[in-house]
Amino acid sequence: MHSIMSGVKYQQYESFDYAKIAAEVLTYWNQNQVFEQSVAIREGSPNAPALRFTFFEGPPSANGTPGIHHVMARTIKDIFCRYKTLQGFQVERKGGWDTHGLPIELQVEKELGITKDHIGKPESEGGISVEDYNKKCRETVMRFTDQWNDLTQKMGYWVDLDNPYVTYKNEYIESVWYLLKQLYDKDLLYKGYTIQPYSPKAGTGLSSHELNMPGTYKDVRDTTVVAQFKVKPTGKSGFLFFDSSDADVYILAWTTTPWTLPANSALTVGKDIDYVLVKTFNPYTFQLIHVVLAKALVSRWFNEKGHQADVNSPAFDAYLPNDKVIPWAVVSEVKGQHLEGVEYEQLLPYVQPDKPAFRVILGDFVTTEDGTGVVHTSPTFGADDFRVAQAAGIPPIMVKDETGKDVPIVDKHGLFVDEITDFAGRYVKEEYYSDEERADPDFKPTDVLIAIKLKEENKAFRVEKYEHPYPHCWRTDKPILYYPLDSWFIRTTAKKDRLVELNKTINWQPESTGTGRFGNWLENLVDWNLSRSRFWGTPLPIWRSETGEEVCIGSVDELKKRVQSAQSSDVLTDEQRSKNNAFLEKLGGGDYDLHRPYVDEVYFVSASGRVMQRESDLIDVWFDSGAMPYAQWHYPFENQDVFNRSFPADFISEGVDQTRGWFFTLHAIAGMLFDSVAFKNVVSTGLVLDKNGNKMSKRLGNAVDPFATLAQYGPDATRWYMITNAEPWDNLKFNTEGIGEVQRKLFGTLSNTYNFFALYANLDAFSFAGRSIPVAERPELDRWILSKLQSLILEVEEQFDSYNPTKAGRAVQDFVNDQLSNWYVRLSRRRFWSGVSSDGKMTADKQAAYETLHECLTTVAQLMSPIAPFYADWLYQNLTGANTSVHLTNFPKAEQALIDTELETSMELAQDVSSLVHSLRKGHKLKVRQPLSRVLVPVLSADTRRQIEHVAPIIMSEVNVKGVEFVDDASGILKKKVKPNFKALGPKFGKQIKDVAAAITAMSEDDLKQLEASGSWQLPVGVITLADVEILTEDIPGWLVASEGGLTVALDVNVTDELRWEGIARDFVNRIQNLRKDRDFSVTDKITIVLERNDDVLATAIEANRDYIQQEVQAVSLDLVGDLNGRGPLATEIDMDEFQLRLQVDKA
RNA sequence: GGGCUUGUAGCUCAGGUGGUUAGAGCGCUACACUGAUAAUGUAGAGGUCCGUGGUUCGAGUCCACGCAGGCCCA
């Protein structure tokens, strides 16, 4: 931007550099601490306590660089905080950093060139101590803080970065521990197990990312079994026996892991899958059987040659053992949901469950892609199995270990336990045996032995080898097992109903995320698995003895007391005692650390005199972030008052991907411990995609650099584009060209409008000092734009209040472009450059114009300031001249009294009529500079007539006609047209509507007159009234007519001599103005004109409009001479349509 | 595979409760304006409203089933 003319009231600019404007405003904010002020000025007094609006910042992780989507997310947050500030609320926003978690650990592993296995190993083996490793994590996690802070500043996100909460700080962890202890005391924190990938040979669980490493999945040939589960004849299963002629009924289930069959406790079917009962023979025992499997998979297991249409086909009787083709026939068909609850006999009854099991349940993961459409379910060896079994109340098959604890039937080495008598001590996977053992000719894998046993017992329908991909441990290269591993859980299911209830009080934007995605998630809640087997995170504050005595620690003080009391017992070893001492010393010195390994080296003594050690788990980082409402204030150890006044949050906003992340953890903790929501309003935002709709990724190179974007376009246009282009919850296809468009369209127009104002205001030394001309006394146009302005304020306020920044922004944009710039300013231009009365004072009209435009611009600056904070401040301060930031003002209050809907309607008619006239002129090549005598507007109602009369002068000047005339019905020259009003006719005539519509369209003019006169009209099918039709005029015979949307105008295109002369005069003025401009004359320079008289028509036209011309071009003289030759070098020739102007123009 | 979501002009998007002629901006074409001027205005062209069925006198809009993209979860 380049400022010209300094030392005037309103700064004028030659050009606009929006990025530079933002940078200057940022400096201003920082120098004047505007953000701090914006919070401070809303501080209440004892008599008038502050209205508070609480916002929670979802902490970003600073271990990566910020992307353009962060600009989007933070713009949303910023908008509503700024808006509420304008509304008079005090909005404190504490920043925060998410510092724990797997991504950070993985990054550190990568940078150190190590794997998880190296952590905690001695250096001599190439390892790194947990202490050093965590130190590295701590350094890494804040590495890009500077970049983040820089972005925060440059994009104009107001948040307190000086006192952020940091999740790795001791105070934060202590608060988290407090919360965990609260849960523990309410019996909402317990130790259970989950099914996880586990490598028996490595003796360790694998994380999902370890499972995703390349080469993990390998094709293997496994022995697979279709097992026959014998149905018990009960009321539930009766229908299966109805047609089975006393033969046994079996449900078929396929498994690629036969070793899990002794742990079977349920069969899972799909609710909507079709199943059939098939009569056939077992291929190994040749017994007649009836089996149940999915209809879609019949052909997978049965040979088409054996198909019998009839259940009683003689083929069944003719069947002999070992016949190649086994006959089969479909007996009946049933939906999966009707199989639910059917009971069956335990397949391999080695171990009895402690609750009823062995029945059919429903699961959403069942497919008919392969197998039999029935899934053999063993809750100890499958994650899906575990989940559906738990939901259906089916117990797992477990045995007791030596300490009395429930354990699965396969031990941690991959061996069957003693209870599985036939296979006790055998590895479940043949790959776990050594190569030598497998080389023995008599060696048989356990799966095969199981298959043989099943065949012999008439429990196997098919045994076959099958090749499929199976995950392997990347360390040992052996197949993994899905295996139950210890985990700590939060019993969210216990509070599910309350969480669902509380959710209904939250205002979700968009609503569907709350009712749908989040609501469904709550409805199907499972217990929250807190455990993570990692190093850098909040340690689980639970200590346990070998016999299961437990204590949960809820504060540093409690920890200290526990350690101290342990020191006074004689149970600890010397080493444990000295570790404890070391910790106590650090605690005393204040330089303690609640992370691993330090808390692992703290030992308690239980009531029964046993050593207690910390459970090695860390907690899910999501608990960290969900704990921020409390932990950010170190609640309840400090700041109880701050917490109490700022909980729950009024507003939060994050990406929709956080639904099950932050949104949930906030909600769960608040609901379970405080019986409250954590937030009242939430905006979940969509993704920022590239301009082709693809996900942005650094790898693909289509990621947009936020710093480059902000540098090129400035933050205001960038923010405005992001907000107004798509609603925040829709995905945004980010295209930088769109920012350019916003810049030209909105900011360019607005800047031009401001500059226009400044130019003339400075010339006239206008200075805004409130409304000196009462609005009621201002011209139509002023009252109209002020009315529009009030409507805009209401609209913007409503949209911001309902958390829709997109509609708020679009409303401002429409006002600026369509109403203010394109109509108000364009039509008012003349008022700004004329209008000085004889005594040199401004006329009231001009004063009104300045005041009106000024008010519109300052109000717009306020309305747009939440979205475009820098530019709005710049504009506001330019306009007010005061050194007061727009962000410290109060949101404008709409003045209802100024809203004149009648006037707004009138002006709309003026715009429509003008548009139609332009269209007509264009069609007849009559340019606007050629004056015409009149437009004719047919009006059927007095209202419309009055409304247009109001704005007739505006129409006349806009389309350059001498008059606006009306024709009404009485004139008799209108040709009317009638159209059916379907909305009214529909309910009345229903199916007959087509006939009615045809009859109405066919009405003659006489018919129409009768309808108008009597108010009703008889049709063959019934009576219609005036309300059932729409009557409009579309034509005036003999006139040039255009119509649109029920409005019709006719234009008198007859150009009289006078009109023609005036048109020529206008053209002449135009050419002179061009000339003035070419010669760089100043706006105030007076001139003399000498014109050669070379055409009579031209001369007549000039003479006839001499006064007008001289005034327009500020000519003190206008002489027509016979011949310009010889009058000097300044003579000019200009083409003007059919004329050739030869003239000389000089400064007077 | 499940839940949620999106699909309207070349591009980005509007289109309360169903009403017969589906809109805007950008881009494109033409013209105008030239005292807001690297600005501005006006007009025009441009559509299988993702598809198929259904409900209805009438569907971009309601219902069902699909197709394609996206997010989350398996």
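- Nearer the 5' end of RNA chain B, as judged by each residue's closest nucleotide, is the contact made by S512(A), out of S512(A) and H918(A).
- Side-chain contact between M907(A) and Y824(A) is absent, with no heavy-atom pair separated by less than 4.5 Å.
- In this entry A24(B) has U12(B) as its Watson-Crick or G-U wobble partner, both defining distances falling under 3.5 Å.
- Not counting sequence neighbours, the partners of N731(A) by the side-chain contact (heavy atoms from CB on, under 4.5 Å) test are L687(A), L689(A).
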Give each protein N/O atom lying under 3.5 Å from an N/O atom of nucleotides 6-12 of chain B, with the pair distance.
unit_1	atom_1	unit_2	atom_2	d
U12(B)	OP1	K733(A)	NZ	3.1
U12(B)	O3'	N725(A)	ND2	3.4
U12(B)	O2'	N725(A)	OD1	2.1
U12(B)	O2'	N725(A)	ND2	2.9

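- Look at the P atom in both A22(B) and U61(B): the space between them is 15 Å, to the nearest Å.
- One atom, CG of N752(A), and another, C1' of G35(B), lie 14 Å apart when rounded to the nearest Å.
- Rounded to whole angstrom, the span from the CG atom of L827(A) across to the C1' atom of U40(B) amounts to 13 Å.
- For the ring-ring contact (aromatic ring centres under 6.0 Å, His included) test, no residue two or more places apart in sequence or in another chain qualifies with H918(A).
- Y713(A) pairs by the ring-ring contact (aromatic ring centres under 6.0 Å, His included) definition with nothing, not counting sequence neighbours.
- Considering only the side chain of N1070(A), C33(B) comes nearest among G3(B), G41(B), C33(B).
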Exercise. Summarise how protein sits on nucleotides 68-74 of chain B as a single string, 5' to 3': B when a protein heavy atom is under 4.0 Å from the base, S for sugar-phosphate-only contact, - for no contact.
Key: --BBSSS
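- The side-chain contact (heavy atoms from CB on, under 4.5 Å) check on S791(A) picks up I899(A), E904(A), with sequence neighbours excluded.
- Considering only side-chain N and O atoms, R929(A) lies under 4.0 angstrom from the phosphate OP1 or OP2 of U34(B).
- Nucleotides C71(B) and A32(B) place their C1' atoms 49 Å apart, quoted to the nearest Å.
- Separation of the C1' atoms belonging to U55(B) and C65(B) is 15 Å when rounded to the nearest angstrom.
- Remark: the separation of the C1' atoms in U21(B) and C26(B) is 24 Å, to the nearest Å.
- Evaluation of the salt bridge (Lys or Arg N to Asp or Glu O under 4.0 Å) test over residues 724-733 of chain A, restricted to residues two or more places apart or in two chains, returns none.
- Contact check on D814(A) versus R810(A) returns no salt bridge, with no Lys/Arg side-chain nitrogen under 4.0 Å from an Asp/Glu carboxylate oxygen.
- Between G10(B) and A45(B), the two C1' atoms lie 13 Å apart (nearest whole Å).
- Distance, Y824(A) OH to A36(B) C1': 15 Å, rounded to whole Å.
- Contacts of D814(A) with the nucleic acid, taken as non-hydrogen atoms under 4.0 Å apart, are absent.
- With a cut-off of 3.5 Å on both pairing distances, the Watson-Crick or G-U wobble partner of C65(B) is G51(B).
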Protein and nucleotides 23-26 of chain B: nitrogen or oxygen contacts under 3.5 angstrom:
unit_1	atom_1	unit_2	atom_2	d
G25(B)	O3'	K745(A)	NZ	3.4
G25(B)	O2'	E741(A)	OE2	3.2
C26(B)	OP1	K745(A)	NZ	2.9
C26(B)	O4'	E741(A)	OE2	3.2
C26(B)	O2'	E741(A)	OE1	3.4

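- Pair assignment for A45(B) gives none, since no Watson-Crick or G-U wobble pairing has each distance under 3.5 Å.
- Taking the charged nitrogens against the carboxylate oxygens, R826(A) and E958(A) do have a contact shorter than 4.0 Å, which makes a salt bridge.
- Candidate nucleotides U40(B), U42(B), G35(B) were compared by shortest atom distance to the side chain of Y760(A), and G35(B) ranks first.
- Contacts classified as side-chain hydrogen bond (donor to acceptor under 3.5 Å, both in side chains) and involving residues 739-751 of chain A (residues at least two apart or in different chains) are given here: Y18(A)-S751(A), T749(A)-N817(A), S751(A)-Y871(A).
- The phosphate of U5(B) has neither OP1 nor OP2 within less than 4.0 Å of any side-chain N or O from T513(A).
- Pairing of G60(B), defined by two Watson-Crick or G-U wobble distances under 3.5 Å, is not identified with any nucleotide.
- For F664(A) and W622(A), the distance between ring centers is not under 6.0 angstrom.
- Counting to the nearest Å, the P atom of U5(B) and the CH2 atom of W508(A) are 13 Å from each other.
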Self-check item: Derivation of the ring pair (Phe, Tyr, Trp, His ring centres under 6.0 Å) call for F815(A) and W823(A)
Solution: CA-CA 10 Å; F815(A) 176 83; W823(A) 197 252; over 10 Å; no
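- Listed for the N1070(A) side chain is no donor-acceptor partner under 3.5 Å among the backbone atoms of R1066(A).
- Between Q1111(A) atom CD and G35(B) atom C1' there is a gap of 14 Å when expressed in whole angstrom units.
- If you find the closest nucleotide of RNA chain B to N755(A) and to P980(A), the one lying nearer the 5' end belongs to P980(A).
- For D274(A), the salt bridge (charged side-chain N to carboxylate O under 4.0 Å, His left out) test picks out K335(A), with sequence neighbours left out.
- Rounded to whole Å, atom C1' of G41(B) lies 16 Å from atom CG of L820(A).
- Going from atom CG of L857(A) over to atom P of A36(B) covers 16 Å, rounded to whole Å.
- Note on V366(A): nothing from the nucleic acid sits closer than 4.0 angstrom, heavy atoms only.
- Partner assigned to U37(B) is none, using Watson-Crick or G-U wobble distances below 3.5 angstrom.
- In this structure, the CG atom of D912(A) is 14 Å from the C1' atom of U42(B), given to the nearest Å.
- Looking at E523(A), its side chain has no donor and acceptor atom pair within 3.5 Å of the base of G3(B).
- Annotation: side-chain contact (heavy atoms from CB on, under 4.5 Å) contacts of Q1073(A) (sequence neighbours excluded): V1069(A), R1076(A), V1113(A).
- Among the heavy atoms of the strands lying under 4.0 Å from R810(A) are primed sugar atoms or P, OP1, OP2 only; no base atom is included.
- With both ends at atom C1', the span from U48(B) to A59(B) equals 15 Å, rounded to whole Å.
- As rounded to the nearest Å, U42(B) and C57(B) have C1' atoms that lie 41 Å from one another.
- Under the ring-ring contact (aromatic ring centres under 6.0 Å, His included) criterion, Y482(A) pairs with no residue, sequence neighbours left out.
- Not a single donor-acceptor pair, N or O on each side, falls under 3.5 Å between the base of A36(B) and the side chain of T749(A).
- Taking a pair to require two hydrogen-bonding distances under 3.5 Å in either a Watson-Crick or a G-U wobble arrangement, C4(B) pairs with G70(B).
- Comparing the same atom, C1', in G23(B) and in A9(B) gives a spacing of 10 Å after rounding to whole Å.
- Heavy atoms of S821(A) sit under 4.0 angstrom from at least one base atom.
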